[in-house]
Amino acid sequence: MTSPKQGPAVIITGAAGGIGTALLAAFDAVGWQVVSTDILPLERPAHIVGDATLFSDPDSPEAARLIEELRSATQGRLTALVLNAAYQVVKPCEQLSADDWQKTLAVNLLAPFWLSQAFLPELETNRGSILAISSIHEKLTKPGFVAYATSKAALSGMVRAMAVDLGGRVRCNAICPAAIATPMLRAGFEGQPDAYRALEAHHPIGRIGTPDEVAATALFVCSDAASFMTGACLDLSGGISVRLHDPV
Ligand SMILES: NC(=O)c1ccc[n+]([C@@H]2O[C@H](COP(=O)([O-])OP(=O)(O)OC[C@H]3O[C@@H](n4cnc5c(N)ncnc54)[C@H](O)[C@@H]3O)[C@@H](O)[C@H]2O)c1
């Protein structure tokens with residue numbers, strides 16, 4: 001029988017997704033005790049199924065139960081809270097419904113806030129940090145992304161404001177990736193290699209990012225090597241966020 005890890009613990013939300021999978025592997029590989037959560041089940045120890053939309057009502061018994069399950073799995077060693085789950089609705093703003101907004105804001109903004117608030121005591125005791133996976137959409141967006149882009153702008157704003165509010169007690173940061181080659185993104189380009197290559201070429205670095213690159217950055221931000229970093233929203237865009245798109 002393998003003994004449980006005694007290293008620092010991390011909670012990773014949205015763990016069943018493309019970037020979530022890479023985050024789990026990266027923290028696990030360097031000895032963190034990884035507690036994962038997602039609305040989807042995962043075949044791994046310390047995975048807790050939970051719906052982030054519960055945090056529309058943070059006082060509900062279901063939300064409290066989810067927090068207690070996560071807390072008990074971290075065994076007092078919580079040192080990083082990685083807020084990675086997201087809900088993305090893509091449609092013209094004329095068609096956005098109340099349900100679209102409620103789900104988007106619950107998963108992308110309210111759940112990150114209420115989880116952060118709930119785990120502040122142990123994060124402070126363990127000199128830990130909060131890391132939100134925001135998006136390039138916090139600043140730059142495209143048609144159809146009004147709800148998602150608004151939620152990511154608010155998430156990055158929350159990270160900056162919490163960093164100021166918490167001072168040196170708990171570091172708060174965000175990573176803002178541009179397009180990342182998750183299995184889902186690749187599947188969206190199935191049979192369209194030219195379109196995929198055009199997307200890559202649009203990035204000054206000549207390609208799009210990988211889930212492992214997001215995970216490696218996350219590991220650094222949550223480590224003691226980044227001990228002076230708080231309130232940062234790190235651009236991880238292969239340079240596309242600093243490129244002019246003039247027609248000439
Ligand atoms: N992939 C990209 O190109 C890209 C770029 C920039 C930012 N991001 C951000 O990275 C993070 C991870 O994205 P991804 O590409 O891995 O997406 P993904 O869709 O593969 O993963 C998102 C995860 O969130 C979970 N989730 C959704 N609704 C939930 C709910 N109600 N309760 C609990 N969990 C829920 C999903 O089940 C999924 O496992 C997100 O915050 C996303 O906004 C992704």
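Both ligands and their constituent atoms are indexed starting at 1 by order of listing. Since we're looking at a predicted model, the values are computed, not measured.
Not a single side-chain hydrogen bond (donor to acceptor under 3.5 Å, both in side chains) links Asp165 to another residue, sequence neighbours left out. Among residues two or more places apart in sequence or in another chain, the side-chain hydrogen bond (donor to acceptor under 3.5 Å, both in side chains) test is passed with Asn108 by Ser151.
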Under 3.5 Å, which donor-acceptor pairs link side chains of residues 225-232 to any protein atom two or more places apart or in another chain?
residue, atom, partner, partner atom, Å
Ser227, OG, Asp224, O, 3.1
Thr230, OG1, Cys172, N, 2.9

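The 4.0 Å heavy-atom shell around ligand 1 contains residues Gly14, Ala16, Gly17, Gly18, Ile19, Asp38, Ile39, Leu40, Gly50, Asp51, Ala52, Thr53, Asn84, Ala85, Ala86, Val107, Ile133, Ser134, Ser135, Tyr148, Lys152, Pro177, Ala178, Ala179, Ile180, Thr182, Met184, ordered by chain and number.
Atoms CD and CG, from Gln102 and Leu105 in turn, are 8.5 Å apart once rounded to the nearest 0.5 Å.
Taking the six-membered ring for Trp and thresholds of 30 and 60 degrees, Phe145 and His137 have nearly parallel ring planes, at less than 30 degrees apart.
The residues Arg71 and Glu68 are annotated as salt-bridged, a charged nitrogen and a carboxylate oxygen being separated by less than 4.0 angstrom.
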